[in-house]
Amino acid sequence: MKYWLMKSEPDVFGIEHLKKCKKQTEPWDGIRNYQARNFMRDDMTIGDQAFFYHSNCAEPGIVGIMEIVSDPYPDFTQFDADSNYYDAKSDPDDPRWILVDVKFVRELEQPVSLKHLKANADRFDDFRLLAKGNRLSIMPVTRKQWNTVLEMEKELGQ
DNA sequence: GCCAACGTTGGC
DNA sequence: GCCAACGTTGGC
């Protein structure tokens, strides 16, 4: 099993949205970055776990856990002219944008903020989230990094 | 294939 | 709202 981190703006789609929606499962739509797409298309497997990260908000950080529950398939929003994610250049016979479905697993009892992650950066080796200028919205997380974040969750609850 | 211009991301 | 860091686009 592999581990991931996936960013979303809580004003647009936050962890509580995923928690409330039908079957607590949603397509992770709107990704328009090739590197992020490639991770979903080529590297994700059903059963992989992912951190839900809130970006572009008052307290950016890791707030929950999701599971990858589908194989990759085309992002329908790319063909929806009314969607913010519409892509006129995408060919229906060869869709440019691919996504997976994610399912809510749980919220962290104590969110692990970006501030906290940065303050403890020495406990991670090469965490991409903490790399300077990192803007990637989907990235791999090592098992060790995953466990360290969960340790921090526990510590914060003490 | 280079690179300037432009658009986006995301922390602050 | 600002702006640094990136990614993409398109002229040449």
Side-chain angles (χ1 to χ4, degrees), chain A residues 2-21 26-44 48-66 68 72-102 104-142 144-146 148-153 155-156:
Chain A
K2 295 183 295 301
Y3 299 97
W4 304 94
L5 181 143
M6 301 167 83
K7 296 182 187 173
S8 184
E9 302 186 17
D11 292 346
V12 180
F13 186 80
I15 184 85
E16 65 284 356
H17 293 107
L18 182 63
K19 189 180 181 180
K20 272 188 248 162
C21 66
E26 276 285 288
W28 197 261
D29 58 28
I31 298 300
R32 296 293 179 269
N33 169 281
Y34 289 105
Q35 225 182 329
R37 177 206 65 184
N38 291 348
F39 284 132
M40 291 197 285
R41 188 189 62 185
D42 304 333
D43 299 324
M44 282 188 182
D48 285 356
Q49 305 265 109
F51 283 133
F52 197 127
Y53 178 92
H54 279 174
S55 67
N56 213 357
C57 57
E59 189 77 29
I62 296 169
V63 296
I65 295 176
M66 312 180 273
I68 309 307
Y73 65 97
D75 181 341
F76 51 91
T77 63
Q78 69 195 300
F79 304 122
D80 177 1
D82 295 329
S83 169
N84 288 337
Y85 304 125
Y86 179 62
D87 183 351
K89 291 181 185 168
S90 184
D91 175 1
D93 293 327
D94 184 19
R96 181 180 293 187
W97 304 111
I98 301 294
L99 54 68
V100 297
D101 290 346
V102 296
F104 177 86
V105 173
R106 69 176 180 91
E107 282 174 286
L108 297 195
E109 287 165 39
Q110 300 293 330
V112 181
S113 68
L114 177 62
K115 203 196 298 177
H116 190 70
L117 292 168
K118 280 183 171 171
N120 290 275
D122 56 343
R123 294 169 64 181
F124 297 103
D125 43 1
D126 295 331
F127 199 178
R128 282 187 86 160
L129 183 71
L130 303 179
K132 190 184 175 210
N134 171 64
R135 282 174 24 189
L136 196 56
S137 61
I138 296 179
M139 69 190 76
V141 173
T142 66
K144 204 172 161 194
Q145 290 162 353
W146 181 272
T148 302
V149 171
L150 294 183
E151 275 170 31
M152 287 179 182
E153 180 199 13
E155 291 161 10
L156 288 166

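So you know, we letter chains A, B, ... as the sequences are listed, proteins then strands, and number each from 1.
Applying the salt bridge (Lys or Arg N to Asp or Glu O under 4.0 Å) test to pairs two or more places apart or on separate chains, those with a residue in residues 79-88 of chain A are Asp87(A)-Arg96(A).
Each of Phe104(A), Phe52(A), Phe51(A) was compared with Ile65(A) under the side-chain contact (heavy atoms from CB on, under 4.5 Å) criterion, and only Phe51(A) meets it.
Of all the residues in residues 50-65 of chain A, Tyr53(A), Ser55(A), Asn56(A), Pro60(A) reach under 4.0 Å from DNA chain B with at least one non-hydrogen atom. Near DNA chain B, meaning a heavy atom under 4.0 Å from it, residues 6-18 of chain A has Lys7(A) in order of number.
Here chain A contacts DNA chain C (any atom closer than 4.0 Å to a heavy atom, that is under 4.0 Å), and the contacts span dA5(C) to dG10(C) from 5' to 3'.
For Gln35(A), the side chain to side chain donor-acceptor pair (under 3.5 Å) test picks out no residue, with sequence neighbours left out. Residues satisfying the side chain to side chain donor-acceptor pair (under 3.5 Å) criterion with Glu153(A), sequence neighbours excluded, are Arg106(A).
Rounding to the nearest 0.5 angstrom, the gap separating the CD atom in Glu16(A) from the NE2 atom in His54(A) is 5.5 Å. The distance from the CG atom of Leu136(A) to the CG atom of Leu129(A) is 10.0 Å, given to the nearest 0.5 Å. The structure places CE of Met40(A) at 4.0 Å from CD1 of Ile138(A), a figure rounded to the nearest 0.5 Å.
Across all strands shown, Lys118(A) has heavy atoms under 4.0 Å from sugar-phosphate atoms exclusively, and none from any base.
No more than 12 heavy-atom neighbours from other residues, nucleotides or ligands sit within 6.0 angstrom of CG on Asp126(A).
Aromatic ring pairs are classed by plane angle as parallel below 30°, tilted from 30° to 60° and perpendicular above 60°; the pair Trp28(A) and Phe13(A) is perpendicular.
Projected onto DNA chain C by closest heavy-atom contact, Gly133(A) and Lys89(A) fall at different nucleotides, the more 5' of which corresponds to Gly133(A).
At a threshold of 4.5 Å between non-hydrogen side-chain atoms, the residues Tyr73(A) and Asp101(A) count as touching.
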